[in-house]
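Just follow the structure's listing: the first ligand is 1, and inside any ligand the first atom is 1.
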Amino acid sequence: MDQLTPVLSADNDQAIARAADLLRDGRLVAFPTETVYGLGADAADDRAVAKIYEVKQRPSFNPLIVHFADQAALSSHIEWNDRAERLAAEFWPGPLTLVLQRQVNSSISKLASAGLDTLAVRVPDHPVAAALLRAAHRPIAAPSANPAGAMSPTTAQHVYDGLSGNIDLILDDGRCQVGLESTVVNVRDSTPQLLRPGGITEEQLVSCLGGHLVGLTSSELRSPGMLSRHYSPSTPLRLDVEVPQSGEILLGFGPDCPATPYNLSRAGDLIEAAANLFAILHAIDVQGAHCIAVAPIPDIDLGKAINDRLRRAAATV
Ligand code: TXA
Ligand code: MG
C-alpha cells in the first residue's frame with residue numbers, strides 16, 4: 001500500500017461492516033479496545049497474520065493475543081480449566097489475557113502463537129471491538145497497533161502516525177479507556193503465572209484465584225521471544241545451507257534453490273515465507289529426517305524475524 005490509510009468513525013454500522021469485510025479478505029484493520037488500539041487480522045489466515053509482523057517490524061515472532069466476541073467462541077481453540085473459568089467469569093469482557101493450552105485442531109494460525117502450544121486469548125470490553133468481532137464472525141489476532149518499539153496507541157491519531165500507508169483501515173472511536181495493555185497471565189498449569197502486568201491488577205487476580213499466583217520477579221520477567229531455544233522441532237536444523245547433504249531434508253526459499261517439496265516461498269516472498277514457516281517446520285518434523293537443512297533467507301524485513309525464529313529453533317540451549 002502506498003496510499004494513506006482511511007480513518008472511519010466507528011459510530012455507525014457501515015463502518016463496522018466495511019472493517020469486517022476487509023478482515024475477511026485478509027486485510028489489516030486497526031480498531032479500538034478498552035486497553036489500546038489493536039492491529040487486527042483474521043487469526044486463522046497465515047498470510048494476514050504474517051502481514052501483522054511485517055507491518056509492525058517486530059524483531060521476532062513474539063506471539064499475538066487472539067480476540068473473541070465471547071467465551072463460547074473460544075471452545076474449539078483452547079483447553080479450559082477451573083482457573084481460567086474463574087478469571088473469565090470475573091474479568092471478561094475486560095483487560096485480561098489468558099494463556100492456555102492450544103487445542104491440537106484449532107484453526108488459529110500457528111504463526112499467531114509463534115509456534116508455541118499455548119494460545120493467548122481475550123474477550124475485549126469495548127462496543128466497537130465487540131461489534132467488529134461479531135460482524136467478522138471469526139477470531140481476530142491483534143497486537144497493539146504501533147511499530148515495534150514504539151508506545152502503544154490510545155487514539156486513532158497515534159495509529160495513523162505510526163502505521164498510515166501500511167494498513168487498510170483505522171476505526172476511530174476516540175480515546176481508549178484503559179490505555180494500558182491487558183494483564184497477561186498463564187493459567188495453563190496449576191500455579192498461574194503473571195507474564196505482563198496490565199489493566200487487571202495482581203491483587204485482583206490473587207483475590208479471584210484464592211491466592212495462587214507466581215508474581216513477576218526479574219528471573220521470570222520473560223516473554224517467549226526472550227528465550228534462546230524457543231520454537232524447537234525435534235529434528236536438528238542446519239542453517240544457511242546452499243547444498244544439502246544426503247539424509248537431510250531441504251527447507252528451501254526462493255525460485256533458485258535446489259528442488260524440494262518444502263519451499264517457504266517459491267516466489268521469494270518473505271510475507272508468504274513467514275506465513276508458511278511454522279506449518280512447514282511441523283510438516284518436516286514428522287518425516288523423521290536426521291537434519292533439516294535450511295536455505296539462506298535474506299536478512300531483511302520479515303526475513304529478520306524468520307531468521308531469528310530459525311536460529312532459536314536451531315539453538316541447542
Ligand atoms: O491490551 C492488549 O493486550 C492489546 C489489545 C490490542 O488487546 N494487545 C497487546 O498485544 O498488547 P501485544 O502483541 O502488544 O502484546 C502481547 C503480549 C506479549 O507480551 C506476548 O509475549 C504475550 O502477550 N503473549 C502472547 N501469546 C503468548 C503466549 N502464547 N504465551 C505467553 N505470552 C504470550
Ligand atoms: Mg505491544
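Atoms of ligand 1 found under 4.0 Å from any heavy atom of Pro63, numbered from 1 in the order shown, are 20 (C), 24 (N), 25 (C), 26 (N), 27 (C), 28 (C), 33 (C). Of all the atoms in ligand 1, the ones that sit under 4.0 Å from a non-hydrogen atom of Ser144 are 8 (N), 9 (C), 10 (O), 12 (P), 14 (O). Within ligand 1, the atoms closer than 4.0 Å to a non-hydrogen atom of Thr118 are 28 (C), 29 (N), 30 (N), numbered from 1 in the order shown. Of all atoms in ligand 1, listed by their number and element, those nearer than 4.0 Å to a heavy atom of Ala120 are 25 (C), 26 (N), 27 (C). With ligand atoms numbered from 1 in the order given, ligand 1 contributes 5 (C), 6 (C), 7 (O) to contacts under 4.0 Å with heavy atoms of His67.
The part of Leu116 lying near ligand 1 is the side chain, judged by heavy-atom distances below 4.0 Å.
Using a 4.0 Å cut-off between charged nitrogen and carboxylate oxygen, Asp269 and Arg47 count as a salt-bridge pair. A salt bridge is absent between Arg18 and Asp21: the closest approach of a Lys/Arg side-chain nitrogen to an acidic carboxylate oxygen does not fall below 4.0 angstrom. Ionic pairing of Asp117 and Arg102 is not present here: no N-O contact between side-chain nitrogen and carboxylate oxygen is shorter than 4.0 angstrom. Remark: Arg27 engages Asp25 in a salt bridge, criterion side-chain N to carboxylate O under 4.0 Å.
Close N/O approach between Arg122 and ligand 1 is found [any backbone or side-chain N/O within under 3.5 Å]. Among the atoms of Arg58, some N or O lies under 3.5 angstrom from an N or O of ligand 1. The N/O atoms of Glu181, backbone and side chain alike, include none that comes under 3.5 Å of an N/O atom in ligand 1. Here's the thing with Tyr37: none of its N/O atoms is less than 3.5 angstrom from an N/O atom of ligand 1.
Residues Leu39 and Tyr37 share a single hydrophobic cluster, defined by chaining ILVMFWY side chains whose heavy atoms lie under 4.5 Å apart.
Between the Asp70 side chain and the Ala72 main chain, a donor and an acceptor come within less than 3.5 Å of each other. Without hydrogens or angle criteria, Ser164 side chain to Leu4 main chain gives no donor-acceptor distance under 3.5 Å. With Thr183 contributing its side chain and Gly199 its backbone, the two residues share a donor-acceptor pair below 3.5 Å.
Among Val185, Leu98, Asn62, the residue whose heavy atom lies closest to atom 20 (C) of ligand 1 is Asn62. Remark: among candidates Val121, Ile65, Leu195, Ile140, the nearest residue to atom 32 (N) of ligand 1 is Leu195, based on non-hydrogen atoms. In this structure, of Gln101, Arg188, Arg196, the residue bringing a heavy atom nearest to atom 17 (C) of ligand 1 is Arg196. The option from Thr35, Leu39, Val99 that lies nearest to atom 5 (C) of ligand 1, judged by heavy atoms, is Thr35.
Atom CG of Asn105 has 12 or fewer heavy atoms from other residues, nucleotides or ligands within 6.0 Å.
Between Ala142 and ligand 1 there is a heavy-atom distance shorter than 4.0 Å.
The Mg ion (ligand 2) lies under 2.8 Å from an N, O or S atom belonging to Ser144.
The aromatic ring centroids of His77 and Phe68 lie less than 6.0 Å from each other.
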